[in-house]
Amino acid sequence: MTQDQLDFLYKKLSSPDFANPETGNLAFPSYTVVYEPQFDHQLADTLQKLAAHLIRPQSYAETLVVNVFAFFLDYIKSLPFGRNQSLYEAYLKTEPQNPAYVLKGLAEKAQSDEFIARLYDHIRGSFLETDNANSKSYVFVYGFAQIYPYLRTKHFLNKMERYTQGYKLIVFYPGNSSLTGSKPISLFGRLKPEPYRSTKLISLDDEL
């Protein structure tokens, strides 16, 4: 993300009115930040720093940062498969001989209700139900470049809609500037765009 984008985003998210989970799109408080794919390698550090700034006294907007791909890896490592091995280990052994089978299996797991419910349990247990005075404002989710092709952002948002209450979901999307604005966003600027229900908080066409 560019510095201008970060400055704009911090100004928006630190606003007491916007940080209030009871404002904005109450039906589905989900927002998308589109960034150039070449910034993906530095996004994790950027989001952690942004979250740290948002918790300062000016806003007290507490934020949880989630790498959806890392969480998915932990999820499949937790699933048993046969005796004495996890599903992750089984797929590692199978992938060289049958990559199509592994691809299909991983996609089914990533798009499953069980995985999304496990993710929400993490959000609830480590964020929403923690006992402190800060406002539980935002959940930042990134890692969609890494989790592709198992999970597309459209599927993720559709599944998360029922769980997005009491906080605002901010999805960070590696997209293409030529397909932002009023048009659907293309992952990496190469794949066929898929429309989804989410308000674009920052789009690469914006004049910041």
**Asked** What closest approach, in Å, do F28 and L157 show between heavy atoms, and which atom pair accounts for it?
**Response** CZ-O, 3.4 Å
**Request:** Could you check if a side-chain atom of F156 sits within less than 4.5 angstrom of a side-chain atom of Q111, using non-hydrogen atoms only?
**Result:** no
**Request:** Quick one: list whatever passes side chain to side chain donor-acceptor pair (under 3.5 Å) with T63, sequence neighbours left out.
**Result:** none
**Message:** Could you tell me if the side chain of M160 sits less than 4.5 Å from the side chain of I123, heavy atoms only?
**Reply:** yes
**Request:** Kindly indicate whether the side chain of Y167, heavy atoms from C-beta on, has any atom under 4.5 Å from the side chain of P29.
**Result:** no
**Message:** Any non-hydrogen side-chain atom of L47 less than 4.5 Å from a side-chain atom of F172?
**Reply:** yes
**Asked** Do you know the tightest heavy-atom contact between S137 and P21?
**Response** CA-CG, 4.5 Å
**Request:** Could you tell me whether the side chain of V139 reaches within less than 4.5 Å of the side chain of I170, counting heavy atoms only?
**Result:** no
**Message:** Using every non-hydrogen atom in the two residues, find where V34 and Q5 come nearest and quote the distance to one decimal.
**Reply:** O-NE2, 3.4 Å
**Partners meeting side chain to side chain contact (heavy atoms under 4.5 Å, CB included) with E129 (sequence neighbours left out)** = R124
**I116 vs Y163, side-chain contact (heavy atoms from CB on, under 4.5 Å): CA-CA, chis, key distance, verdict** = CA-CA 9 Å; I116 299 299; Y163 296 114; 3.7 Å; yes
**Prompt:** Applying side-chain hydrogen bond (donor to acceptor under 3.5 Å, both in side chains), which residue pairs with at least one partner in residues 91-102 are found, sequence neighbours left out?
**Reply:** Q85-K93
**Fill in**
Value for CG (L43) from OH (Y35), rounded to nearest 0.5 Å, stands at 4.5 Å
**Item:** Nearest-0.5 Å distance, CZ of residue R152 to CZ of residue F144
**Value:** 11.0 Å
**Complete:** Here the pair of heavy atoms bringing Q165 nearest to L128 is O-CD1, 4.3 Å
**Request:** Report yes if the side chains of L103 and P149 come closer than 4.5 Å at any heavy-atom pair, otherwise no.
**Result:** yes
**Prompt:** Restricting to pairs with a member in residues 40-55, which pass salt bridge (charged side-chain N to carboxylate O under 4.0 Å, His left out), not counting sequence neighbours?
**Reply:** none
**Message:** Check whether Q48 reaches the backbone of V65 with its side chain - one donor and one acceptor, N or O, closer than 3.5 Å.
**Reply:** no
**Complete:** In short, F115 meets A110 closest at the heavy-atom pair CD2-O, 3.2 Å
**Message:** For the CG atom of L151 and the NZ atom of K159, what is their distance to the nearest 0.5 Å?
**Reply:** 10.0 Å
**Asked** Does the side-chain contact (heavy atoms from CB on, under 4.5 Å) test come out yes or no for F39 and Q42, once each step is laid out?
**Response** CA-CA 6 Å; F39 292 110; Q42 64 189 46; 3.5 Å; yes
**Asked** Minimum heavy-atom separation for T23 to D17, with atom names?
**Response** OG1-O, 2.7 Å
**Request:** Determine, step by step, whether Y31 and L13 satisfy the side-chain contact (heavy atoms from CB on, under 4.5 Å) criterion, reporting the C-alpha distance in whole Å, the side-chain angles of both residues, the deciding distance to 0.1 Å, and the verdict.
**Result:** CA-CA 11 Å; Y31 301 83; L13 297 181; over 6 Å; no
Donor-acceptor pairs are to be reported for all side-chain atoms of residues 71-78 against protein atoms at under 3.5 Å, with residues two or more places apart or in another chain.
| residue | atom | partner | partner atom | Å |
| --- | --- | --- | --- | --- |
| Y75 | OH | E114 | OE1 | 3.0 |
| S78 | OG | Y75 | O | 2.6 |
| S78 | OG | R118 | NH1 | 3.3 |

**Message:** Please check: side-chain N/O of K109 versus main-chain N/O of Y150, any donor-acceptor pairing under 3.5 Å?
**Reply:** no
**Asked** Are the side chain of E89 and the backbone of S86 linked by a donor-acceptor contact shorter than 3.5 Å?
**Response** yes
**Message:** Going by ring-ring contact (aromatic ring centres under 6.0 Å, His included), name the residues that satisfy it together with Y138, two or more places apart in sequence or in a different chain.
**Reply:** none
**Derivation and outcome, side-chain contact (heavy atoms from CB on, under 4.5 Å), residues V171 and V33** = CA-CA 6 Å; V171 168; V33 175; over 6 Å; no
